[in-house]
Amino acid sequence: MIAKTRPFGRHVGRNIGPGALVTAAFIGPGTVTACTLAGATHGYALLWALLFATLATMALQEMSARLGLITRRGLGANLAALFANSPLRLPLIALVGVALYAGNSAYEAGNLSGAALGITAMAGEGAFTPSVLGIAGLAALLLLTGSYAVIERALLALVAIMTLAFAATFAITRPDWGALVSGLFTPSVPDGSLLTVIALIGTTVVPYNLFLHASAVARKGGEPGDLAAVRADTSVSIGIGGLIAILIASTAAASLFSAGIAVESAGDMALQFEPLFGVYSKLLLGIGLLAAGLTSAITAPLATGFAMTEILGLPSEAKSLAFRDIALSVLVIGAGLSLTGIKPVEVILAAQFANGLLLPILAAFLLYAVNQRALLGRYVNGWAANGAGVIVALVAAGLGVRLVLRALG
């Protein structure tokens with residue numbers, strides 16, 4: 001028997017909604033880097049891929065949020081329940097657990113490295129190691145509070161800082177609005193851009209965000225009548241994430257692509273900004289990259305804690321020992337990888353391998369779950385949602401195969 005909780009709408013009135021977590025997970029250093037390289041290499045031509053990725057994420061996250069609201073359980077708990085008596089239960093749990101844990105640990109290394117690059121862009125290369133340790137310590141402190149509300153408020157503040165920083169750098173570069181609109185609504189794949197298109201979609205549609213969102217909505221509590229509020233929160237949070245991604249790619253297009261400057265990361269773009277637009281532009285971009293890395297450094301362990309405890313049937317409250325141990329272990333492994341000297345690109349490739357395995361499986365499972373009347377009653381998918389879900393699942397499957405093959409060389 002599930003205890004009755006306060007309606008979602010009233011709860012949001014006294015506290016913020018789970019949208020801040022979704023936006024924080026949507027925009028990480030991998031996304032920032034992919035958007036930077038897309039804009040620097042191909043100008044505005046690939047913005048349509050970001051628009052598609054944003055809409056695809058909205059479709060999946062709406063299903064995940066609806067599942068969490070109606071069942072009052074996270075995605076991991078629903079997965080375990082649906083396959084409780086299936087011979088596929090243990091292999092599925094093992095695959096999801098290993099891929100999610102390993103993938104998020106690798107992503108965490110990229111998150112910490114990305115946040116540290118934001119600091120080094122402002123303070124110099126010598127600040128990298130202290131920055132990784134400091135950021136990891138701050139993320140651990142927030143996770144150890146065991147207070148979901150504190151973590152949410154911290155993420156909300158960081159998302160606001162990130163949005164303002166990237167919006168300011170976008171304004172400084174004075175983009176070509178005609179080319180920007182054309183790039184958004186005219187799909188094209190210039191020569192040599194296919195891998196970049198895949199990277200743009202693959203770094204924004206991530207599996208762990210599905211676990212995080214369903215668990216966040218379930219823990220907020222609410223009634224079926226709050227579904228409209230949940231959908232609005234989802235649309236706004238994903239929309240903000242998509243807007244930030246478009247701003248980053250457009251900033252790189254307006255500055256680096258126009259000037260013919262080649263870069264390998266967002267940190268490189270920050271260093272190029274000072275001679276192009278002055279010292280304050282470099283600081284703004286560095287702050288944006290720091291905020292993106294720090295938000296993801298918190299959400300990746302958080303999502304892993306929710307998912308693993310739910311799948312294994314352990315206490316999944318943020319204050320529980322099992323939750324803290326899992327979340328902090330992801331943070332510690334990520335920090336260790338970040339400090340070993342392994343190139344962030346290599347770490348991200350390892351994460352993409354896990355992501356490539358897990359994303360199509362989770363997309364298919366989610367689509368299956370939200371069509372079960374035993375779980376959702378009259379809130380099962382309609383034909384439009386199923387159509388969108390099938391398209392996203394097929395794209396996820398193709399993307400997953402490509403990411404695994406790329407990671408294997």
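One is the number of the first residue; the rest follow in order along the sequence. None of the values given here were measured: they were computed from a predicted structure.
Scored by the side-chain hydrogen bond (donor to acceptor under 3.5 Å, both in side chains) test, T31 finds no partners at all (sequence neighbours excluded). Legend: residues meeting side-chain hydrogen bond (donor to acceptor under 3.5 Å, both in side chains) with S329, ordered by chain and number and at least two apart, are Y101. Judged as a salt bridge (charged side-chain N to carboxylate O under 4.0 Å, His left out), and not counting sequence neighbours, the contacts of R231 are E62. Checked against side-chain hydrogen bond (donor to acceptor under 3.5 Å, both in side chains), S316 has the following partners two or more places apart in sequence or in another chain: R219. A search for side-chain contact (heavy atoms from CB on, under 4.5 Å) contacts involving P190 returns H42, A45, L46, S188, S193, not counting sequence neighbours. The side-chain hydrogen bond (donor to acceptor under 3.5 Å, both in side chains) check on S250 picks up nothing, with sequence neighbours excluded. Under the ring-ring contact (aromatic ring centres under 6.0 Å, His included) criterion, F323 pairs with F306, sequence neighbours left out. Taking L375 as the reference, L67, T71, R73, N78, L82, A369, Q372 meet the side-chain contact (heavy atoms from CB on, under 4.5 Å) condition, with sequence neighbours excluded. Among residues two or more places apart in sequence or in another chain, the side-chain contact (heavy atoms from CB on, under 4.5 Å) test is passed with L367 by M63, N371, N381, N386, V390.
In terms of heavy atoms, G39 sits closest to F257 at O-CB, 3.3 Å. Considering all non-hydrogen atoms of both residues, L158 and A291 come closest at O-CB, 3.8 Å. Considering all non-hydrogen atoms of both residues, P301 and L143 come closest at CB-CD1, 3.8 Å. Among all heavy-atom pairs drawn from L337 and S105, the shortest one is CD1-O, 4.1 Å. The two residues H213 and S64 come nearest to each other via the heavy atoms CB-OG, 4.2 Å.
Within the structure, ring pair (Phe, Tyr, Trp, His ring centres under 6.0 Å) pairs that include any residue of residues 215-250 do not occur (at least two apart or interchain). For the ring pair (Phe, Tyr, Trp, His ring centres under 6.0 Å) condition, the pairs that include at least one residue of residues 164-183, sequence neighbours left out, are F170-W177. Pairs of residues two or more places apart, or lying in two chains, never qualify as salt bridge (charged side-chain N to carboxylate O under 4.0 Å, His left out) while including a residue from residues 127-136.
Look at R324 and E317 and you find no salt bridge, because none of the NZ, NE, NH1 or NH2 atoms lies under 4.0 Å from a carboxylate O.
The distance from atom CG of L156 to atom CD1 of I161, rounded to the nearest 0.5 Å, is 10.0 Å. Taking CG of L100 as the reference point, atom OG1 of T304 lies at 5.0 Å (rounded to 0.5 Å). Atom-to-atom distance recorded for N104:CG and I326:CD1 is 11.5 Å, nearest 0.5 angstrom. To the nearest 0.5 Å, the span separating OG1 on T33 from CD1 on I248 amounts to 9.0 Å. With rounding to the nearest 0.5 Å, the separation of CG in L142 from CZ in R153 is 13.0 Å. Residue L55 holds its CG atom at 11.0 Å from CG of L50, rounded to the nearest 0.5 Å.
Counting only N and O atoms by type, the side chains of S113 and S338 include a donor and acceptor under 3.5 Å apart.
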